[in-house]
K.L.:
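Have a look at this one.
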There are 2 protein chains.
Amino acid sequence: MELTCIDHSGVEPLYYQIQQQLFERIRLGELKAGDPLPSEQEISTRLGVSRMTARLAIKSLCEVGIVYSKQGKGSFVSGLKLEKNFRQVLSFSEEMAQSGRRPESRPLGFDIVPAEGEVALALSLKPQEKVIRLRRLRIADSVPLGIESSYIPEKLCPDLKATFDPRTSLYQTLSARYGIQIAIADEVVEAGLAKGEKARLLRIAKGSPVFIFTRISYVQQGQAVEYVKSTYRADRYKIVNRLVRVKHRFAVQEDAKSS
Amino acid sequence: MELTCIDHSGVEPLYYQIQQQLFERIRLGELKAGDPLPSEQEISTRLGVSRMTARLAIKSLCEVGIVYSKQGKGSFVSGLKLEKNFRQVLSFSEEMAQSGRRPESRPLGFDIVPAEGEVALALSLKPQEKVIRLRRLRIADSVPLGIESSYIPEKLCPDLKATFDPRTSLYQTLSARYGIQIAIADEVVEAGLAKGEKARLLRIAKGSPVFIFTRISYVQQGQAVEYVKSTYRADRYKIVNRLVRVKHRFAVQEDAKSS
DNA sequence: CTCATCTGGTTGTCTATACAAGATGGCGTA
DNA sequence: TACGCCATCTTGTATAGACAACCAGATGAG
């Protein structure tokens, strides 16, 4: 497949069509790691678009890390696997789908409680405001994997408690019924030991290692919409990360506590 | 502080100067969460640059998540904390500096061994090729924090063994002496229990929870340069992540295993 | 042969302009 | 009053052109 047939009619942006064609060629292995992409000039003349448009397409591929550019040399396919999308906020179902496992959820509790302590703090609520609390046992391929407790301000989704089926996707419901699209989440990961009720629910011995996640999800405007605390079995769950080395442009200097 | 004084002499790119000015105003709290940034038009006329240049400055702020744009409305400061840089490849010293702790390293071993098993696989080496192995105890504020074993192909840095002081920064040396700049790393995080020698070195009880990191670092071209396996105390170490919800443009569909 | 220079190709930055598309408020008409 | 249309602001997309910075290979002089 070569770079061809750009639709100039305007239904889809030109740079997006080019980006998708290039991405497809990479995904199919037609362009392999280290291979040079067509130069901006070449794309420009071959497809009859301006160089800036071709450039925009390539830059958007650079942003997700599957391509890199070198001044004076060209743009190249990076040698990184694209098997997984790292750094994503994923729902449990999405996560399981990515790793090819069959997800299942068993509700452990679904009620409305006043926000208190860390929950109120994380969601910027006054201590008396109501939150919807949803506790679920997460199951992968019939094996208990983790326990999740979600807290969502009731004012954001008034009748969620009445209409939501706790076995389905919370994120999908928030998006479809309330127009709440989660854009970013901050997550703290700790390691600990399973004990008591949690060990029993997860069917592991007391003292087994577990991951403890604390996650706050935000919409793009920055408002917190969800606080989640969860415990996952460490023998059946691991975290895969892709880290990037930043070129200290936005390095936030430490507050001068020591000086 | 207002948008002022752009240096047109060409030492620093214009869009970069503008980006830095805006970033500084946000960092100082002069522009708070939810506040609109000056419009592209306004920046353009006020500073005497073209709108595309102003746009480039704003877009680069969007990329790191501290600003978002809405067609027809404007660009706004997002409500996200920028206290930390998330998801970076950091050296131990850099990481400690960010959290305001005093780093220290005690070498536990420094030798050259043949690559075997997982190490050879990760670094794409033939089983007989030599790797430099460096084991270090990582200490923060005089408290043992973790044990790290790094493996680096000897051919990439021939006389490292002879010249490198194991108490200093490995990344800095790789960059300064060999021109090896690490650009990306893939990391797997597991949770486990401390036992035997590791528990003793870390001064924790056997059976205490620990993080187990397995990291492979790459240069931008994709070649692996370092394999690290490390064990960190979970009572003194936690992971902080920022996740983004991607707009399924690059979603890699699952291999059709089920169909 | 060796080394400096030139030259063409590439990405990086920047300008000036244009129209499309979404948001918002006002104005006028029904 | 209520509603639709319009003017105007915003960002999004696209063009054509220009020069700078960088890289690599060819060419030439010594």
Side-chain angles (χ1 to χ4, degrees), chain A residues 3 6-22 31 34-63 65-78 179 181 183 220-221 247 249, chain B residues 3 6-22 31 34-63 65-78 179 181 183 220-221 247 249:
Chain A
L3 285 179
I6 284 289
D7 175 17
H8 265 269
S9 75
V11 287
E12 292 234 291
L14 297 182
Y15 81 93
Y16 179 65
Q17 294 179 47
I18 299 170
Q19 175 221 75
Q20 286 298 295
Q21 285 196 24
L22 291 171
L31 286 171
D35 288 356
L37 267 61
S39 77
E40 296 171 358
Q41 194 54 250
E42 190 179 339
I43 295 177
S44 165
T45 58
R46 283 255 283 270
L47 297 181
V49 300
S50 83
R51 196 194 131 202
M52 288 304 276
T53 302
R55 181 173 176 74
L56 200 54
I58 291 180
K59 272 202 63 178
S60 68
L61 290 168
C62 289
E63 273 168 41
I66 60 184
V67 159
Y68 64 94
S69 296
K70 283 208 159 187
Q71 183 171 0
K73 295 197 67 176
S75 300
F76 305 85
V77 180
S78 93
Q181 267 116 23
Q220 196 172 38
Q221 288 78 357
K247 29 290 173 231
R249 290 196 153 180
Chain B
L3 285 179
I6 284 289
D7 175 17
H8 265 267
S9 75
V11 287
E12 293 234 289
L14 297 180
Y15 82 92
Y16 179 64
Q17 295 178 48
I18 300 170
Q19 175 220 75
Q20 286 298 293
Q21 285 197 24
L22 291 171
L31 285 170
D35 288 356
L37 266 61
S39 76
E40 296 171 359
Q41 195 55 247
E42 192 179 338
I43 295 177
S44 165
T45 59
R46 283 254 284 270
L47 297 182
V49 300
S50 85
R51 196 194 130 203
M52 287 303 276
T53 303
R55 182 175 175 72
L56 200 54
I58 291 180
K59 272 204 65 179
S60 66
L61 290 168
C62 289
E63 273 168 39
I66 61 186
V67 159
Y68 63 93
S69 295
K70 283 206 161 187
Q71 183 171 0
K73 295 197 71 176
S75 300
F76 305 86
V77 181
S78 92
Q181 266 116 21
Q220 197 170 37
Q221 289 77 357
K247 17 336 172 197
R249 290 196 155 177

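These numbers were taken from a predicted model, which means no experiment stands behind them. Below, chain A is the first sequence line, B the second, and so on; all start at residue 1.
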K.L.:
Who passes side-chain hydrogen bond (donor to acceptor under 3.5 Å, both in side chains) against B:Ser39, sequence neighbours left out?
P.N.:
none
K.L.:
Using atom CD1 of A:Ile43 as one end and atom C1' of C:dG9 as the other, report the distance to the nearest whole Å.
P.N.:
15 Å
K.L.:
Could you tell me the separation between the CG atom of B:Leu56 and the P atom of C:dT13, rounded to a whole number of Å?
P.N.:
7 Å
K.L.:
Side-chain contact test, heavy atoms from C-beta onward, threshold under 4.5 Å: evaluate it for B:Val77 versus B:Leu37 and give yes or no.
P.N.:
yes
K.L.:
Who are the side chain to side chain contact (heavy atoms under 4.5 Å, CB included) partners of A:Leu14, not counting sequence neighbours?
P.N.:
A:Ile6, A:His8, A:Gln17, A:Val49, A:Thr53
K.L.:
Is any side-chain nitrogen or oxygen of B:Ser39 closer than 4.0 Å to OP1 or OP2 of D:dT10?
P.N.:
yes
K.L.:
Please report, rounded to the nearest Å, how far the P atom of C:dT13 is from the CD atom of B:Gln17.
P.N.:
12 Å
K.L.:
Listed by chain and number, what are the side-chain hydrogen bond (donor to acceptor under 3.5 Å, both in side chains) partners of B:Ser69, not counting sequence neighbours?
P.N.:
B:Ser75
K.L.:
Between C1' on D:dA14 and CD1 on A:Ile6, what's the gap in Å once rounded to a whole number?
P.N.:
13 Å
K.L.:
Quickly work out the A:Gln19 CD to D:dT13 P distance and round it to whole Å.
P.N.:
11 Å
K.L.:
How many Å lie between NE2 on B:His8 and P on C:dT15, as a whole number?
P.N.:
6 Å
K.L.:
Identify the pairs formed between an N or O of the protein and an N or O of nucleotides 16-21 of chain C at a distance under 3.5 Å, and give each distance.
P.N.:
residue, atom, partner, partner atom, Å
C:dA21, N3, B:Gln71, NE2, 3.4

K.L.:
Do A:Pro38 and A:Leu22 make a side-chain contact, defined as non-hydrogen atoms from C-beta onward lying under 4.5 Å apart?
P.N.:
yes
K.L.:
Ignoring backbone atoms, test whether A:Ser75 places a side-chain nitrogen or oxygen under 4.0 Å from the OP1 or OP2 oxygen of C:dT11.
P.N.:
yes
K.L.:
Between B:Leu14 (CG) and D:dA18 (P), how many Å, whole number?
P.N.:
20 Å
K.L.:
List in chain and number order the residues that pass side-chain hydrogen bond (donor to acceptor under 3.5 Å, both in side chains) with A:Gln71, two or more places apart in sequence or in another chain; answer none if no residue qualifies.
P.N.:
none
K.L.:
Closest-nucleotide mapping onto DNA chain D: is A:Thr53 or B:Gln41 further toward the 5' terminus? I mean the 5' end.
P.N.:
B:Gln41
K.L.:
Can you name the side-chain hydrogen bond (donor to acceptor under 3.5 Å, both in side chains) partners of A:Glu12, sequence neighbours left out?
P.N.:
none
K.L.:
Between P on D:dA14 and OH on A:Tyr16, what's the gap in Å once rounded to a whole number?
P.N.:
13 Å
K.L.:
Can a side chain N or O of A:Lys73 be found less than 4.0 Å away from OP1 or OP2 on D:dA24?
P.N.:
yes
